[in-house]
J.: 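Right, I'll just put the structure down here and ask away after.
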Amino acid sequence: MPTRSTVILGTGSYAPERVLTNEDLSRMVDTSDEWIRARSGIRERRIAAAGEATSDLAVQAARRALEDAGVGAADIDLLIVATVTPDYPMPSTACVVQHKLGVPSAAACFDMNAACSGFIYALDTACALIGSGRYRKALVIGAEKLSSVVDWQDRGTCLLFGDGAGAAVVGPGDKPGTGLIGTRLGALGEDTDLLCIPGGGSRSPTTAESFGRGDHFIKMKGKEVFKLAVRVMEEAARDILEQHGLAATQIGLVIPHQANLRIIDAIAQYLELPVERFFVNVDRYGNTSAASIPIALDEARRAGRIKPGDLTLLVAFGAGLTYGSALIRW
Ligand code: UT7
């Protein structure tokens, strides 16, 4: 754990303008608004413009977070972008964002790939580095253009995903016991095949054949991922509460990864918490992977659902399979 407290100084988020509704999807694949709402709780998702890349979404969210924190880009010495849809395989999206924002060249900039748990992984890393005293102010971003890796002919996946970005500015706190007070990160590497993009990496570089098979698209065994998501997120939430001697009822707001409303409902039920204690925006954005938690966190703060002194629990699960939970005292 960090040697000094590290706090979130500001948050921001951005969703592209274009809305893709379930009705729109039902004209693209054999599905219906009714089915999608019943099985996932999603009504619509945002889709980035053709010329808009992940870094463009990230920059918009980051500007809002910097403004909210009252911190200038020149003050940032650590920039982490959590994403599975980088602008390029190389260089990192963090370096592209650094240049667009005017973050100094002396800042450490890198991407982090932990899929839907990416923001919690990046937040934990930033807080540890700031807690160590080696960095002063971090910009932690979760940003995705998942529409670029979705197979729009696969009705089993295309209903779920959307584009967006969320960001947080993190720095040292002056009140002990506030900020990120604990995290629980982990991974189930034996199940990488349940949710992956099989092509385009060193295992299977893109060829005409792999492209023809659609190996560059997201593949998901939805039912298996669903069951694991419920079990593992519940465990990650329980573990961190136990570690800190807390009861679930002491949590003011749970911000779960927004993958499927049925997953959120099930976790609420197992933790014996009213679902109103969970922040939900999956209906408007679908699953935005690493962007999901920081967008929800920003919307929750701006909606006044987080007050000074409150405890917030973040919990996520995603490809890897990775998972993570985090406790924040405001
Ligand atoms: O970020 C973390 C990773 N992602 C997740 O956590 C997502 C986890 N998985 C899910 O959210 C769900 O598995 C889905 C929403 C993707 C699918 O729901 P499901 O209840 O698991 O449905 P299913 O895949 O078992 O399919 C049930 C039926 C099938 O028909 P049969 O075999 O029963 O005749 C599918 O062919 O529904 C059919 N189906 C659809 N029907 C209409 C599958 N997709 C669709 C669709 N529209 N879009």
Side-chain angles (χ1 to χ4, degrees), residues 20-45 82-85 113-121 142-147 149-164 166 185-189 191-198 217-237 255-268 270 278 280-283 285-296 314-325:
L20 186 74
T21 65
N22 292 347
E23 285 296 339
D24 296 331
L25 270 183
S26 70
R27 287 189 284 273
M28 297 158 63
V29 287
D30 181 14
T31 190
S32 66
D33 173 47
E34 203 185 5
W35 193 95
I36 298 173
R37 274 193 290 115
R39 305 310 291 168
S40 71
I42 300 167
R43 284 189 288 119
E44 58 188 42
R45 66 287 295 142
T83 187
V84 290
T85 48
N113 178 339
C116 306
S117 313
F119 182 77
I120 299 181
Y121 268 64
E144 302 285 7
K145 185 179 175 182
L146 291 168
S147 60
V149 290
V150 163
D151 180 352
W152 292 103
Q153 293 178 345
D154 174 10
R155 69 174 183 170
T157 54
C158 73
L159 73 145
L160 286 178
F161 299 104
D163 302 335
L185 304 183
L188 314 169
D191 283 324
T192 47
D193 62 317
L194 293 185
L195 179 52
C196 63
I197 298 175
F217 291 133
I218 294 179
K219 311 284 178 209
M220 182 179 70
K221 295 185 178 136
K223 255 203 180 350
E224 284 96 321
V225 174
F226 185 103
K227 285 186 210 151
L228 276 168
V230 173
R231 181 168 67 74
V232 174
M233 280 206 275
E234 186 213 344
E235 275 171 20
I255 300 188
H257 169 50
Q258 309 284 316
N260 185 317
L261 186 59
R262 288 191 295 137
I263 294 177
I264 297 173
D265 283 342
I267 297 169
Y270 291 138
F278 285 65
V280 174
N281 63 10
V282 68
D283 52 323
Y285 301 123
N287 179 347
T288 57
S289 192
S292 140
I293 286 191
I295 293 175
L314 314 181
V315 60
F317 177 79
L321 300 165
T322 59
Y323 63 88
S325 56

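As the structure lists them, so they are numbered: ligands from 1, and atoms in each ligand from 1. None of these values were measured; they are calculated from a predicted model. Worth knowing before you read on, the calculation uses all heavy atoms, side chains too, and leaves out hydrogens, waters and symmetry mates.
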J.: Looking at atom 25 (O) of ligand 1, what's its closest protein heavy atom, distance included?
T.: Lys223 NZ, 2.9 Å
J.: Quick one: nearest non-hydrogen protein atom to atom 45 (C) of ligand 1, plus distance?
T.: Trp35 CH2, 3.3 Å
J.: Under a 4.0 angstrom heavy-atom cut-off, which atoms of ligand 1 come close to Leu195?
T.: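 Result: 3 (C).
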J.: Might you check, step by step, whether the distance between atom 41 (N) of ligand 1 and some protein heavy atom is under 4.0 Å?
T.: yes
J.: Please list, in number order, the atoms of ligand 1 under 4.0 Å from a heavy atom of Gly222.
T.: 8 (C), 9 (N), 13 (O)
J.: For Asp30, take its heavy atoms, then give the atoms of ligand 1 lying under 4.0 Å from any of them.
T.: 42 (C), 47 (N)
J.: When rounded to the nearest 0.5 angstrom, what distance separates OG1 in Thr83 from NZ in Lys145?
T.: 11.5 Å
J.: Taking side chain to side chain donor-acceptor pair (under 3.5 Å) as the cut-off, I'd like each qualifying pair that reaches into residues 227-237, sequence neighbours left out, listed once.
T.: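 For residues 227-237: Arg231-Glu235, Glu234-Arg238.
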J.: More than 12 non-hydrogen atoms from neighbouring residues, nucleotides or ligands closer than 6.0 Å to CD on Glu224, yes or no?
T.: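 It does: Glu224 CD has more than 12 such atoms within range.
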J.: Counting only heavy atoms not in Tyr270, do more than 12 fall under 6.0 Å of its OH?
T.: no
J.: Looking at OH of Tyr323 and CE of Met233, how far apart are the two atoms once the value is rounded to the nearest 0.5 Å?
T.: 13.0 Å
J.: If you count the atoms of ligand 1 from 1 in the order shown, which ones are under 4.0 Å from a heavy atom of Met220?
T.: 4 (N), 7 (C), 16 (C)
J.: Any protein heavy atom at under 4.0 Å, with atom 34 (O) of ligand 1 as the reference point?
T.: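 So atom 34 (O) of ligand 1 lacks protein heavy-atom neighbours under 4.0 Å.
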J.: For ligand 1, which atoms, with element, lie under 4.0 Å from some heavy atom of Val225?
T.: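 Once the distances to Val225 are compared, the set is 3 (C), 4 (N), 5 (C), 6 (O).
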J.: Which residue supplies the protein heavy atom nearest to atom 10 (C) of ligand 1, what is that atom called, and how far is it?
T.: Asn260 ND2, 3.7 Å
J.: Rounded to the nearest 0.5 Å, what separation is found between the CG atom of Leu146 and the CZ atom of Arg45?
T.: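 If we round to the nearest 0.5 Å, Leu146:CG and Arg45:CZ are 12.0 Å apart.
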J.: Which residue owns the protein heavy atom closest to atom 38 (C) of ligand 1, what's the atom, and how far is it?
T.: Arg155 NH2, 3.6 Å
J.: Pick, from Val282, Val230, Asn287, Thr31, the option with the minimum heavy-atom distance to atom 1 (O) of ligand 1.
T.: Asn287
J.: Would you say atom 29 (C) of ligand 1 has a protein heavy atom nearer than 4.0 Å?
T.: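 No, there is no protein heavy atom closer to it than 4.0 Å.
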J.: Partners of Gln258 by side-chain hydrogen bond (donor to acceptor under 3.5 Å, both in side chains), sequence neighbours excluded?
T.: none
J.: For atom 4 (N) of ligand 1, is there a protein heavy atom at a distance under 4.0 Å?
T.: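 Yes, because at least one protein heavy atom sits under 4.0 Å from atom 4 (N) of ligand 1.
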